[in-house]
Amino acid sequence: MLKKLTRLLFGNTTPDDAEPTRSSAPARSVDARGTKQAANKQNKKSASSRQSARKPDRHQQSSNPRDDLRQLDLNIDVDKVTVVPREQHNISRKEISPSALKVLYRLNDAGFQAFLVGGGVRDILLGGHPKDFDISTNATPEEVRELFRNSRVIGRRFKIVHVRFGREIIEVTTFRAHHEIETEVSEGESRKHIKHLDSAHSSTGMILRDNVYGNIAEDAVRRDFTVNALYYTTNHFMILDFVNGLPDIEQRLIRMIGDPETRYREDPVRILRAIRLAAKLNFGIEKNTEEPIPRLATLLDSISSARLFDETVKLFTNGSAEKTFALLRHYKVADYLFQPTLECLQDDNDVDSKLLTLALRNTDNRLAEGKSVTPAFLYAALLWPPLQYDIRQMCGDKVPTLGQLQECAGEVIVEQLQFTAIPKRFTAMMREIWELQLRLSPRNRRSVEIAYTHPRFRAAYDFLLLREAAGEQLNGLGDWWTQFQQVDADAQHVMIDALQPAKSPRKKRRRKPRKPESAD
């Protein structure tokens, strides 16, 4: 600013050759930046060419899919795997979670092999829209953890990496290999000494540690069912089938990989998975896979009650809860999950059986409509029959008091915890739903207000409607509450006033005549 003012007052005192000097400096700077940018572009091109030389082009396909497979360098016999090229299957990246694609690409760019595997591939092939995506790779859990800051390694029996993207979790597993038993643990023996081992079995054949890694072909035969052992790669967009899973999908069959009895003994939870998949996909269970299920269902006793609770939630939240429960009873598996309930179910026509069927059907309908479900409501329905049985044993035909209901509820929950470890946050909600069945009997204004403002009112109201729909005689209680919720506040006051009996006129109290005082 001072220089401009000087030039205006005294004229330009700068030599004639000074201006070109100032104007030429920016020109040299621009030339320098341009040279630097050009050099950066050349370096990027060189890096890109080196990267292209190191790994195959994802989009360029040859005429022979097996040649594309050889380029992946998987260290397998390519003649023993069924290769389905892009034009012969319906899997599109549009159907895959962007988070799963991000994990696949980053693993591939880091030089690792990475495949989409399991239910995600299976469900897309069947025309569905899966929500969960699993990835299998030759990277170890520690190497995956280094690539993703938003990940953590979980599991003791088999290490898994969870990569978290907000609420979505992508599960990444390392290729497993078949291995001989290093350590066998007897029943009742402490398992502390196998904490850092990679391989260990129990004396009954159950896998206790399974962290021996291999290649993709070995990993395929270590999976449970053929329909879950299909691999999809973003390199040339191929599907790899090592165990004839594609024919089983076409025939709609659940088939165990390997000897079914041995595989069930390795992990008895596979019994529940077979039933869950059959119900969810409306598939049949292959004859050899089906035969050992009733006979080996007793192996579920060796599974922790906490893990069985997680598995039962999966069983009843897959959209086919009603069919799942029917299959559990058919294969005699429900005896090891809900024995107290089954002991109280007489036949399919009694009120308790109908209520349970309606509750499972209601769960399926809510999931189909995109609504949420809570395990507390499911277990409140599952344990309602034994709760009613205990109440009848204590009170007969009389309506129980709140204290008696709470006592019976505690006994029923404790008994069920021996089979599935229900978390306290769910047992507390179950108790509230049951207790509100008593409080929903409107007697006066206070009882209605307490019930209507309770946080679990909606769940308890839905449960009340199920009881009426199952045939339980409640004298129109469900209709009363339905109408109460539909009318305005003034009409609600009228309904509450109608509950209170008319007051009879108060009689005057007659006082007893006082006795005259004696002369004494």
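Keep in mind the model is a prediction, meaning the values are calculated, not measured.
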Using every non-hydrogen atom in the two residues, find where Leu315 and Leu337 come nearest and quote the distance to one decimal. CD1-CD1, 4.3 Å

Residue pair Arg66 / Val83: nearest heavy atoms and the distance that separates them: NH1-CG2, 4.0 Å

Verdict with supporting geometry, Tyr336 and Leu308, side chain to side chain contact (heavy atoms under 4.5 Å, CB included): CA-CA 10 Å; Tyr336 302 94; Leu308 287 181; over 6 Å; no

So, do Leu327 and Thr324 sit near enough that their side-chain heavy atoms are less than 4.5 Å apart? no

Separation between CZ (Phe325) and CZ (Arg361), nearest 0.5 Å, reads 13.5 Å

When rounded to the nearest 0.5 angstrom, what is the spacing between CG in Leu74 and OG1 in Thr233? 8.0 Å

With sequence neighbours left out, write down each residue that passes ring-ring contact (aromatic ring centres under 6.0 Å, His included) with Phe133, or none if nothing qualifies. none

With a 4.5 Å cut-off on side-chain heavy atoms, are Leu281 and Asp123 touching? yes

Non-hydrogen atoms of Phe283 and Ile249 that approach each other most closely: CZ-O, 4.1 Å

Heavy atoms, side chains only, cut-off 4.5 Å: are Phe165 and Val103 in contact? yes

Arg93 (side chain) donor-acceptor with Leu101 (main chain) under 3.5 angstrom: no

When you compare the side chain of Lys159 with that of Thr174, does any pair of heavy atoms fall below 4.5 Å? no

Are any side-chain N or O atoms of Tyr264 and backbone N or O atoms of Ala297, one a donor and one an acceptor, separated by less than 3.5 Å? no

With a 3.5 Å distance limit and no angle check, can you tell me whether Arg70 reaches the backbone of Val78 through a side-chain donor-acceptor pair? no

Please check this pair: side chain of Asp364 against backbone of Glu322, looking for a donor-acceptor N/O pair closer than 3.5 Å. yes

Can you give me the closest heavy-atom contact between Cys344 and Pro340, atom names plus distance? SG-O, 3.5 Å

Does Val243 offer a backbone N or O that forms a donor-acceptor pair with the side chain of Thr226 under 3.5 Å? no

Glu266 bridged to Arg263 by N-O distance under 4.0 Å: yes

Show your reasoning for whether side chain to side chain contact (heavy atoms under 4.5 Å, CB included) applies to Phe316 and Thr363. CA-CA 8 Å; Phe316 296 129; Thr363 299; 5.6 Å; no

Whether over 12 other heavy atoms sit under 6.0 Å from Asp310 CG: yes

Please report the shortest heavy-atom distance between Leu358 and Ala470, naming the atom on each side. CD1-N, 3.7 Å

Determine whether Leu345 and Asp352 make a side-chain contact, defined as any pair of heavy atoms from C-beta on separated by less than 4.5 Å. yes

Arg145/Glu142 salt bridge by N-O under 4.0 Å criterion: no

As a quick check of understanding, evaluate side chain to side chain contact (heavy atoms under 4.5 Å, CB included) for Phe148 and Val172, giving each step before the final call. CA-CA 11 Å; Phe148 298 94; Val172 183; 5.9 Å; no

Student check: side-chain heavy atoms of Arg106 and Phe112 closer than 4.5 Å: no

Backbone N or O of Met238 within a donor-acceptor pair of the His236 side chain at under 3.5 Å? no

Nearest heavy-atom approach of Gly245 to Val227 is O-CG1, 4.3 Å

Any carboxylate oxygen within less than 4.0 angstrom of a Lys/Arg side-chain nitrogen, looking at Arg295 and Glu261? yes

Look at the side chain of Thr137 and the backbone N and O of Gln113, then say whether any donor-acceptor pair between them is shorter than 3.5 Å. yes

Can you name the ring-ring contact (aromatic ring centres under 6.0 Å, His included) partners of Phe225, sequence neighbours left out? none

Got a salt bridge between Arg86 and Asp68, using NZ or NE/NH1/NH2 to carboxylate O under 4.0 Å? no

Evaluate the side-chain proximity of Met430 to Val412: yes if any heavy-atom separation is below 4.5 Å, no if none is. no

Can you establish whether the number of heavy atoms outside Arg152 located under 6.0 Å from its atom CZ is more than 12? no

To the nearest 0.5 Å, atom OG of Ser304 lies from atom CD of Glu311 at 9.5 Å

Could you give the distance from OG (Ser97) to CD1 (Ile169), rounded to the nearest 0.5 Å? 12.0 Å

Identify all side-chain donor-acceptor contacts of residues 370-386 below 3.5 Å with residues at least two apart in sequence or on another chain.
residue, atom, partner, partner atom, Å
Lys371, NZ, Glu369, OE1, 3.2
Thr374, OG1, Ala376, N, 3.2
Tyr379, OH, Thr312, OG1, 2.9
Tyr379, OH, Thr420, OG1, 3.3

Could you tell me whether the side chain of Gln437 and the main chain of Ile433 form a donor-acceptor pair under 3.5 Å? yes

Would you compute the distance between atom OG of Ser151 and atom CD1 of Ile170 and round it to the nearest 0.5 angstrom? 12.0 Å

Going by an N to O cut-off under 4.0 Å, is there a salt bridge joining Asp462 and Arg458? yes

In plain terms, say whether Arg265 and Asp259 are close enough for a salt bridge, that is, a side-chain N and a carboxylate O under 4.0 Å apart. no

Test side-chain hydrogen bond (donor to acceptor under 3.5 Å, both in side chains) on Asn282 and Arg252; report intermediate values, then the result. CA-CA 8 Å; Asn282 197 23; Arg252 307 185 71 83; over 6 Å; no

Any Leu272 side-chain heavy atom under 4.5 Å of Leu328 side chain: yes

So, the side chain of Gln88 versus the backbone of Pro85: is there a donor-acceptor pair under 3.5 Å, distance only? no

In Å and rounded to the nearest 0.5 Å, what is the CG to CZ distance from Asp248 to Arg255? 4.0 Å

So, does Asp134 use its side chain to make a donor-acceptor pair with the main chain of Gly118 at under 3.5 Å? no

